[in-house]
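Working notes for the structure below.
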Amino acid sequence: MDKLNFSGHETFVCRQSWLKKGYDFVKAGFSFSNESAVIHLGVGKNMVTAIRYWLKSFALINEDETPTELAEYIFADDGRDPYLEDIGTIWLLHYFLIKTKKASIYHLIFNLFRREERPDFQRHSLLKFLKSESFDTNSRLVNESTLINDVSVFVRSYSKSNDSKKDIEEEMTGLLKELNILKLFKYRSELDNNQIELLSLQNNNSSDVPFQIILFAIIDNEQFGKSVSLNELLKSQGSVGRIFLINSELLIDNIKLMEEKYSGITFSETSGNQVIQFKNKPNKWKVLDDYYKT
């Protein structure tokens with residue numbers, strides 16, 4: 001069982017400028033543990049901790065705080081999208097956030113919780129689920145307040161709020177809000193007139209996920225060989241269906257685009273078994289290059 005990781009974000013969601021700022025910081029050889037980090041990054045001490053947390057969670061720095069291949073690909077001087085202006089890059093980072101499991105709540109929600117629950121849920125049901133899954137390395141339950149904070153950051157990361165009391169900068173610069181996959185609804189209970197908050201985790205704009213980003217995620221998944229069933233692509237842990245919240249119809253449409261673009265990919269159906277096959281898997285970074293060149 002993988003070690004679960006909670007907290008570390010200092011209750012800050014990831015802001016759009018932080019990843020480039022953090023990349024430049026470590027690329028210059030600076031250390032987050034140095035007291036001068038607040039000066040070089042131009043933020044408070046708690047935000048320094050949060051920036052390091054998000055860089056690790058998005059697989060942008062290694063344990064020794066050096067940039068990863070992904071970080072260089074996106075944020076270098078000749079990087080593909082250093083200022084995160086392309087929605088495809090946000091989907092790519094979303095994929096790595098779930099894949100790395102450095103921030104365990106995202107892996108648990110997209111791979112396990114949403115499988116067990118309907119797309120619509122309340123915070124207390126999510127918290128109950130996390131309690132049942134969340135044990136530290138000594139098999140002790142993770143502190144409830146820690147889980148509550150993680151749920152809050154998850155909700156604020158993906159949802160847009162109309163609440164005027166919310167942090168305006170966070171609302172304007174939250175990185176993952178652009179994906180528009182978490183909606184908040186409030187209504188009055190017919191039983192006691194109490195206000196109830198309902199969360200809905202759905203990708204109503206799933207056609208916005210570029211097929212090259214989907215293909216990258218398929219190739220990058222070490223569980224998948226040269227023949228992968230549609231069901232695996234939709235429902236297995238770490239699958240594109242779970243991570244990008246896409247249905248079978250849209251996935252098939254995207255696979256057909258992959259077939260057209262790459263000669264080594266075929267999609268077939270035999271006795272009701274739909275399968276994508278790779279004669280030769282394309283290089284995943286080359287697939288991303290094809291996306292950014294379009």
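Note that the numbering runs from 1 along the sequence shown for the chain. Remember, it's a predicted structure, so these values are computed and weren't measured experimentally.
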Under 3.5 Å donor-acceptor, [X] side chain and [Y] backbone:
| X | Y | answer |
| --- | --- | --- |
| Asp220 | Lys284 | no |
| Ser159 | Leu182 | no |
| Asn111 | Gly238 | yes |
| Arg242 | Lys235 | yes |
| Gln16 | Leu84 | yes |
| Ser36 | Ile39 | no |
| Asp81 | Asp86 | yes |
| Ser157 | Val153 | yes |
| Gln223 | Gln237 | yes |
| Lys279 | Lys226 | no |

Going by heavy atoms in the side chains, are [X] and [Y] under 4.5 Å from each other?
| X | Y | value |
| --- | --- | --- |
| Leu288 | Ile213 | yes |
| Leu257 | Gln212 | no |
| Phe216 | Tyr95 | yes |
| Asp120 | Phe185 | no |
| Arg123 | Val155 | yes |
| Glu259 | Thr266 | yes |
| Arg80 | Thr89 | no |
| Val26 | Leu60 | no |

Locate the shortest heavy-atom distance separating [X] from [Y]; write the atom from each residue and the value.
| X | Y | result |
| --- | --- | --- |
| Glu10 | Ala50 | CG-N, 4.4 Å |
| Phe278 | Ile276 | CZ-CD1, 3.9 Å |
| Pro67 | Lys27 | CG-CD, 4.2 Å |

Check against side chain to side chain contact (heavy atoms under 4.5 Å, CB included), Leu41 and Phe30:
CA-CA 10 Å; Leu41 288 169; Phe30 297 122; over 6 Å; no
Check each of Ile148, Leu112, Val142, Ile105 against Leu130 using the side-chain contact (heavy atoms from CB on, under 4.5 Å) test, and report the only one that passes.
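The side-chain contact (heavy atoms from CB on, under 4.5 Å) with Leu130 is passed solely by Ile105 among Ile148, Leu112, Val142, Ile105.
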Consider only side-chain N and O atoms of [X] and [Y], and report whether a donor and an acceptor are under 3.5 Å apart.
| X | Y | value |
| --- | --- | --- |
| Tyr23 | Glu72 | yes |
| Asp289 | Tyr73 | yes |
| Tyr106 | Thr100 | no |

Check whether more than 12 heavy atoms from other residues, nucleotides or ligands sit under 6.0 Å from atom CD of Glu249, and answer yes or no.
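Count not over threshold, so no.
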Using a 6.0 Å cut-off, check whether atom OH of Tyr83 has over 12 heavy atoms from anything other than its own residue.
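Result for OH/Tyr83: open.
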Test: Lys99 cationic atom under 6.0 Å from Phe96 six-membered ring centre, within 45° of axis:
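That pair does not qualify as a cation-pi contact.
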For the residue pair Lys177 and Tyr158, would you count it as a cation-pi contact if the rule is NZ or CZ under 6.0 angstrom from the ring centre and within 45 degrees of the ring axis?
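No; the conditions do not both hold, so Lys177 does not lie above the ring face of Tyr158.
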Under 6.0 Å between the ring centres of Phe25 and Phe32?
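Yes - the distance between ring centres of Phe25 and Phe32 falls below the 6.0 Å cut-off.
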Centroid-centroid distance, Trp54 to Phe12, less than 6.0 Å
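Ring centroids of Trp54 and Phe12 are no less than 6.0 Å from each other.
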Let me see the working for Ile219 and Val287 under side chain to side chain contact (heavy atoms under 4.5 Å, CB included), right down to the final yes or no.
CA-CA 10 Å; Ile219 298 169; Val287 169; 4.1 Å; yes
Lys101 and Asn5: CA distance, side-chain angles, deciding distance, side chain to side chain contact (heavy atoms under 4.5 Å, CB included) verdict:
CA-CA 8 Å; Lys101 303 179 185 178; Asn5 301 289; 5.7 Å; no
Aromatic ring pairing Phe113/Phe129, orientation class (parallel under 30°, perpendicular over 60°, tilted between):
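Taking Phe129 first and then Phe113, their aromatic rings sit tilted (interplane angle of 30° to 60°).
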Could you name each residue pair satisfying side chain to side chain donor-acceptor pair (under 3.5 Å) that touches residues 141-152, not counting sequence neighbours?
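Listed by first then second residue: His9-Asp150, Lys131-Glu144, Asn143-Ser145, Ser152-Arg156.
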Holding to side-chain contact (heavy atoms from CB on, under 4.5 Å), I want the full list of residues that pass it with Asp64, two or more places apart in sequence or in another chain.
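Asp64 satisfies side-chain contact (heavy atoms from CB on, under 4.5 Å) with Asn62, Thr66 once adjacent residues are dropped.
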Inter-residue atom distance Leu233.CG - Ile214.CD1, 0.5 Å rounding
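Going from the CG atom of Leu233 to the CD1 atom of Ile214 covers 10.0 Å.
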Note: Glu63-Lys102 ion pair, threshold 4.0 Å (strictly below)
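Between Lys102 and Glu63 there is a salt bridge, with a charged N closer than 4.0 Å to a carboxylate O.
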SB check Asp290 Lys286 (cutoff 4.0 Å)
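Judged by the 4.0 Å cut-off on N to carboxylate O distance, Asp290 and Lys286 do form a salt bridge.
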Determine, stepwise, if the pair Phe110 / Leu97 fulfils side chain to side chain contact (heavy atoms under 4.5 Å, CB included).
CA-CA 11 Å; Phe110 285 89; Leu97 175 64; over 6 Å; no
Linking I/L/V/M/F/W/Y whenever any side-chain heavy atoms sit under 4.5 Å apart, do Met258 and Val275 land together?
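Each belongs to a different hydrophobic cluster.
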